[in-house]
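In the text below, chain A, chain B and the rest are named by the order of the sequence lines, each starting its count at 1. Side chains are part of it too, since the values below use all heavy atoms of this structure and drop only hydrogens, waters and symmetry mates.
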Number of protein chains: 2
Amino acid sequence: MRSLLKPLDMPVNQEKILQSLIADDLVSDPESARGRLLREAAGLFRDKGYERTTVRDLAAAVGIQSGSLFHHFRTKEDILKAVMVETIRLNTAVMRAAMNAAGSNREKLKALVRAELESINGQTGEAMAVLVFEWRSLSEASQADVLTLRDIYEALWMTALNALKEDGALTADPFIVRRMLAGALSWTVTWYRPERGGLTLEGLTDQVIAMLGLTQP
Amino acid sequence: MRSLLKPLDMPVNQEKILQSLIADDLVSDPESARGRLLREAAGLFRDKGYERTTVRDLAAAVGIQSGSLFHHFRTKEDILKAVMVETIRLNTAVMRAAMNAAGSNREKLKALVRAELESINGQTGEAMAVLVFEWRSLSEASQADVLTLRDIYEALWMTALNALKEDGALTADPFIVRRMLAGALSWTVTWYRPERGGLTLEGLTDQVIAMLGLTQP
DNA sequence: TTACATACCAAGCGCTTGCTTGGTATGGTT
DNA sequence: AACCATACCAAGCAAGCGCTTGGTATGTAA
């Protein structure tokens with residue numbers, strides 16, 4: 001789903017993951033009409049909000065008539081849902097890879113923090129913001145579907161945090177730590193600007209890990 | 001503005017602060033038509049979102065005709081803005097009082113964390129959630145107005161955090177710590193349920209402070 | 001008694017919204 | 001050559017939206 005990514009400068013293994021997800025039909029090919037629409041939709045939904053984005057806005061963004069949208073998606077809400085579902089699928093795969101590549105439990109957690117910050121502030125940032133701020137625009141049925149995927153994603157985090165708890169490296173409650181991390185990391189999208197200002201994503205990751213007060217390995 | 005609070009079980013000094021703000025005309029009297037409307041609006045905006053809440057919904061919630069709303073507010077957006085402005089005013093006053101009542105710098109920070117958690121998860125919770133999630137529904141002009149008030153509120157936090165930094169108790173960057181705290185604390189509204197489940201607000205506050213890894217006083 | 005302000009109602013206007021309909025151009029398959 | 005699925009356009013419908021208008025009941029003050 002490069003549809004939700006800006007092209008180029010994507011880590012190589014992320015590109016590989018993306019290709020395999022496209023092959024399995026789990027995310028849309030960014031070159032397809034559907035993929036391009038999802039990318040534009042993510043941007044518009046983040047900038048203006050779902051409700052204030054009209055189907056005419058969406059159609060204009062990809063250069064078609066508003067009625068033609070409904071050849072690709074049954075309803076406007078289906079577009080929002082697709083943005084969310086494909087984003088979670090991609091990020092779950094990326095996070096799992098990042099975690100598996102790390103050695104110690106401590107490094108696994110850091111890899112997750114780093115990867116989530118990249119998702120939020122990098123190329124999938126628009127779609128991630130939609131996931132956070134447009135949640136209530138989904139019908140309850142769609143919320144339930146997305147929640148199922150989200151549970152898988154969250155299970156990754158809990159695996160890492162529970163392991164650290166058993167190591168004795170983490171004193172606080174893993175569930176609460178994850179909740180706090182989720183809020184803190186999501187919120188970075190409202191203030192963190194890597195381009196201007198000295199703090200790099202790596203530096204930000206270090207600050208977050210330091211703030212958790214893990215005992216030394 | 002008890003309009004944005006459920007009545008009763010409000011700390012005494014908070015009641016005093018509220019009364020003085022009403023006297024200064026900085027927040028609406030909850031007994032007034034305007035005050036009751038703002039309370040209902042906060043609830044509806046949080047539950048359904050601003051865009052999906054119609055002026056007919058708002059009018060029905062206080063038992064009048066939709067057109068009659070515009071006798072009290074010029075536009076629908078003015079209602080949203082009033083909810084936000086009055087909430088920030090009340091919370092700034094409450095936070096300042098909590099901070100002044102605390103002794104050490106460490107206790108001042110804890111008082112702020114505790115007070116913000118109370119604002120988010122207590123009686124002003126609906127309005128605080130609106131402040132977080134409906135921000136983009138404000139026009140740019142209104143955003144600027146609210147931002148001015150928000151700066152005052154944030155300055156309180158920075159005073160406390162900078163003092164701890166100078167004490168040497170805080171190692172991380174105060175600005176970043178505040179950003180992370182803002183996200184983590186706001187996010188509690190999506191998962192923290194004090195009524196069912198053992199964790200009290202006091203316990204949650206302790207977990208947050210512990211997570212900051214302050215050196216002992 | 002008159003005068004005026006406040007708080008509301010009943011009705012509805014004009015516009016925008018998501019979505020539908022009937023049709024056409026294109027390209028691949030048999 | 002005949003067929004059909006895909007991807008679109010042009011036009012517009014029905015519903016819902018924020019807000020306006022003209023009027024009425026109530027209370028207060030001169």
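Two residues, A/Ile64 and A/Arg56, neighbour DNA chain D, and the one matched to the more 5' nucleotide by heavy-atom proximity is A/Ile64.
For the pair B/Lys76 and B/Tyr50, the cation sits on the ring face: its NZ or CZ lies under 6.0 Å from the ring centre, inside 45° of the axis. No cation-pi contact links B/Arg178 to A/Trp191, judged by a cut-off of 6.0 Å to the six-membered ring centre and 45° from its axis.
When heavy atoms are screened at a 4.0 angstrom cut-off, B/Ser66 is found touching base atoms of the nucleic acid. When heavy atoms are screened at a 4.0 angstrom cut-off, A/Ser32 is found touching no nucleic acid atom at all. If you check every strand for non-hydrogen atoms under 4.0 Å, A/Thr54 touches sugar and phosphate atoms only.
Residues passing the side-chain contact (heavy atoms from CB on, under 4.5 Å) test with B/Val94 are B/Gln14, B/Ile17, B/Leu90, sequence neighbours excluded.
Counting heavy atoms from C-beta outward, B/Val189 and B/Val132 have side chains that stay 4.5 Å or more apart. With a 4.5 Å cut-off on side-chain heavy atoms, A/Val83 and A/Glu134 do not count as touching.
Where DNA chain C meets chain A (any atom under 4.0 Å from a heavy atom), the bounding nucleotides read 5' to 3' are C/dT17 to C/dT20.
For the pair B/Gln65 CD and D/dA25 P, the interatomic distance rounds to 16 Å; values are reported in whole Å.
With respect to the salt-bridge test (charged N to carboxylate O, under 4.0 angstrom), the residues B/Arg114 and B/Glu107 do not qualify.
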